[in-house]
Amino acid sequence: MQRKSSPSFVLTESVLRRRRFAAAHYNLEDTLTSGQTFRWRNIHGHWTGVVRDHWLQITGDSGGLAVATTHPAPNWPLLKRYFQTEVDIDRITGSFPPDPPLQRAVAACRGLRLLRQDPWECLASFLLSSTKRITQISQIVERLCRHYGTPLPVHAGYPPSWSFPSAATIAERSETQLRELKMGYRAPWLLAAGRTVTNGLLDLESLGRMTVADAERRLIQLPGVGPKIAHCVLLFAYGEPNAFPVDVWINRALKTFYFPGSNPSPAELKSFAARHFAPYPGYAQQYLFHYLRVKTSAETETAARSNPPPTPRPR
DNA sequence: CACCAGGCAGCCG
DNA sequence: CGGCTGCATGGT
């Protein structure tokens with residue numbers, strides 16, 4: 001790497017390569033903080049993160065995204081695919097049913113997008129997510145990258161950064177080594193997933209060509225992967241619009257807003273969501289999830305926690 | 001200190 | 001199916 005003339009304590013300063021991705025109404029902050037990805041930080045007023053082996057600095061403005069990377073030969077098509085800037089988000093939210101909670105979520109999170117992430121990173125990250133808060137998932141993922149990822153060049157003044165460790169790298173670790181990263185009982189799950197992907201028993205590439213049901217069946221064969229995590233992977237890595245992860249927040253929201261007073265089974269909730277939110281249940285889920293988790297303070301929080309009085313039924 | 005967190009596995013009826 | 005419990009760890 002070339003040494004440039006700059007403050008004496010800066011040994012290397014990476015060249016930034018830049019490009020703009022045009023997009024109408026790209027809500028970068030909500031997209032990067034809505035719990036679909038765990039590696040983005042706002043540093044010096046810019047969003048910085050990693051996509052594959054690209055260290056990135058992103059700025060969102062009214063016309064789209066300004067993308068800067070230290071990668072010497074950026075894979076721009078890959079990055080563009082990751083950010084999904086070509087998606088007409090207003091058309092998607094415009095297709096949502098006109099019920100109050102969902103429309104409130106759209107109004108509060110306008111421009112929130114779904115990313116198209118690397119399947120292995122997505123699978124591994126969500127394997128680590130069970131009964132953890134998003135901030136803690138981020139911390140575990142960060143430790144995983146710091147210990148077992150590959151260091152990446154970063155722009156001057158930014159903290160060091162690493163790629164997400166490959167399945168093969170994880171497969172070579174021991175359960176003890178993984179437990180040292182404070183992932184607890186999830187360590188054997190991550191190890192097993194790394195081994196299964198590395199030895200070819202699970203071909204992540206082929207999942208994209210299967211039906212949702214088939215891909216889900218394959219994913220939940222992995223220990224620690226159930227319906228919720230499988231659907232996160234199908235939605236966030238494969239862009240499956242019918243994927244619909246049901247976590248505690250969504251479960252609470254569906255019961256509160258759409259089944260007040262009754263006690264629907266998981267199967268009922270699943271079929272209702274597929275029908276009611278079609279043709280984009282995955283996007284609707286993400287809007288509801290992010291809205292309920294961070295855009296509301298007192299009202300919905302308390303309403304959703306304590307078995308609430310029946311709310312007006314949306315039509 | 002009790003309780004919960006973008007769940008899941010194992011077990012029981 | 002449906003319900004219950006343990007699981008590591010950290011925050012409120």
Side-chain angles (χ1 to χ4, degrees), chain A residues 30-40 105 109 112 114-115 117 121-144 147 174-193 196 216-238 240 243-256 259 262-273 277 281-298 300-302 304-307:
Chain A
D30 283 339
T31 297
L32 298 181
T33 61
S34 60
Q36 57 181 311
T37 175
F38 305 101
R39 298 205 61 195
W40 292 93
C109 312
L112 167 62
L114 290 178
L115 302 168
Q117 302 178 52
E121 176 174 342
C122 189
L123 171 61
S125 298
F126 278 95
L127 256 177
L128 300 173
S129 72
S130 72
T131 58
K132 278 291 177 196
R133 301 182 183 240
I134 289 178
T135 54
Q136 294 180 4
I137 303 166
S138 296
Q139 290 167 5
I140 297 173
V141 168
E142 176 70 19
R143 281 193 290 268
L144 192 61
H147 282 258
S174 68
E175 181 179 326
T176 303
Q177 285 178 305
L178 295 179
R179 279 186 186 266
E180 285 169 0
L181 305 182
K182 306 300 181 187
M183 62 182 72
Y185 60 86
R186 304 158 194 84
W189 295 345
L190 180 62
L191 186 55
T196 305
E216 179 183 357
R217 267 190 286 275
R218 294 300 303 272
L219 282 168
I220 65 179
Q221 288 177 354
L222 291 170
V225 178
K228 190 271 174 184
I229 290 176
H231 277 249
C232 283
V233 174
L234 291 171
L235 185 60
F236 302 141
Y238 295 91
E240 171 49 59
F244 194 86
V246 178
D247 73 316
V248 289
W249 289 88
I250 291 297
N251 189 48
R252 212 152 50 199
L254 291 179
K255 288 181 176 175
T256 302
F259 295 88
S262 66
N263 190 18
S265 69
E268 285 178 283
L269 289 180
K270 183 182 169 186
S271 69
F272 167 80
F277 297 116
Y283 276 92
Q285 175 276 153
Q286 195 66 11
Y287 273 83
L288 283 173
F289 173 78
H290 188 54
Y291 171 67
L292 293 173
R293 202 179 66 84
V294 305
K295 300 284 183 175
T296 63
S297 47
T300 42
E301 178 90 10
T302 51
R305 269 182 204 290
S306 57
N307 210 346

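Values reported hereafter were calculated over all heavy atoms of this structure, with side chains retained and with hydrogens, waters and symmetry mates removed.
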Polar atoms only, N or O, under 3.5 Å: list the protein pairs with nucleotides 9-13 of chain B and their distances.
{"from": "B:dA9", "atom 1": "OP1", "to": "A:Gly224", "atom 2": "N", "distance (Å)": "3.1"}

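Judged as a side-chain hydrogen bond (donor to acceptor under 3.5 Å, both in side chains), the pairs with a partner in residues 221-233 of chain A (not counting sequence neighbours) are, in order, A:Glu216-A:His231.
Note on A:Ser265: only backbone sugar-phosphate atoms sit closer than 4.0 angstrom, heavy atoms only; bases stay farther off. Note on A:Phe38: nothing from the nucleic acid sits closer than 4.0 angstrom, heavy atoms only. At the heavy-atom level, A:Ser34 lies under 4.0 Å from base atoms of the strands shown.
Ring orientation note: the planes of A:Phe272 and A:Phe277 are nearly perpendicular, at an angle over 60° on the 30°/60° scale.
Residues A:Phe126 and A:Phe38 form a side-chain contact, since some pair of their non-hydrogen atoms from C-beta on lies under 4.5 Å apart. Between A:Lys255 and A:Ser262, the closest side-chain pair of non-hydrogen atoms is not below 4.5 Å.
Distance check on atom P: C:dA8 versus B:dC11 gives 16 Å, rounded to whole Å. One P atom belongs to B:dC4, the other to C:dT5, and the distance between them is 13 Å to the nearest Å. The same atom, P, is picked in B:dC8 and in C:dG11; the two are 24 Å apart, to the nearest Å. Straight-line distance between the C1' atoms of B:dC3 and C:dC7: roughly 16 Å, to the nearest whole Å.
The backbone N or O of A:Ser265 sits less than 3.5 Å from a side-chain atom of A:Glu268, completing a donor-acceptor pair. Put simply, the side chain of A:Arg186 gets close to the backbone of A:Ser130: a donor and an acceptor are under 3.5 Å apart. A donor-acceptor pair is defined here as one N or O able to donate and one able to accept, closer than 3.5 Å; no such pair exists between the side chain of A:Glu121 and the backbone of A:Thr37.
Looking at every heavy atom in both residues, A:Ser34 comes nearest to A:Leu112 through OG-CD1, 3.7 Å.
Put simply, CG on A:Leu128 is 12 Å from C1' on C:dA8, counting in whole angstrom units. Rounded to whole Å, the distance from CG on A:Asn251 to P on B:dA5 is 11 Å. Following rounding to the nearest Å, A:Lys132 (NZ) and B:dG6 (P) show an atom-to-atom distance of 10 Å. Taking atom CD1 of A:Ile229 as the reference point, atom C1' of B:dG6 lies 9 Å away to the nearest angstrom. For the pair A:Asp247 CG and B:dA5 P, the interatomic distance rounds to 9 Å; values are reported in whole Å. Across the protein-nucleic acid pair, A:Glu268 atom CD and C:dC1 atom P stand 13 Å apart, rounded to whole Å. Rounded to whole angstrom, the span from the CD atom of A:Gln139 across to the C1' atom of C:dA8 amounts to 14 Å. Note: CG (A:Leu127) to P (B:dG7) measures 13 Å, nearest angstrom.
Listed in residue order, the members of residues 176-186 of chain A having a heavy atom less than 4.0 Å from DNA chain C are A:Arg179, A:Lys182, A:Gly184, A:Tyr185, A:Arg186.
For the atom pair CG of A:Leu115 and CD of A:Gln286, the computed distance is 9.0 Å after rounding to the nearest 0.5 Å.
Between A:Phe289 and B:dG6, a base-stacking contact is recorded: ring centres under 5.5 Å apart, planes less than 30° from parallel.
The side chain of A:Gln136 sits closest to C:dT9 out of B:dC4, C:dT9, B:dG7.
The phosphate of B:dA5 has OP1 or OP2 within less than 4.0 Å of a side-chain N or O from A:Arg252.
A:Arg293 pairs in a side-chain contact (heavy atoms from CB on, under 4.5 Å) with only one of the listed residues (A:Leu288, A:Ile134, A:Thr33), which is A:Ile134.
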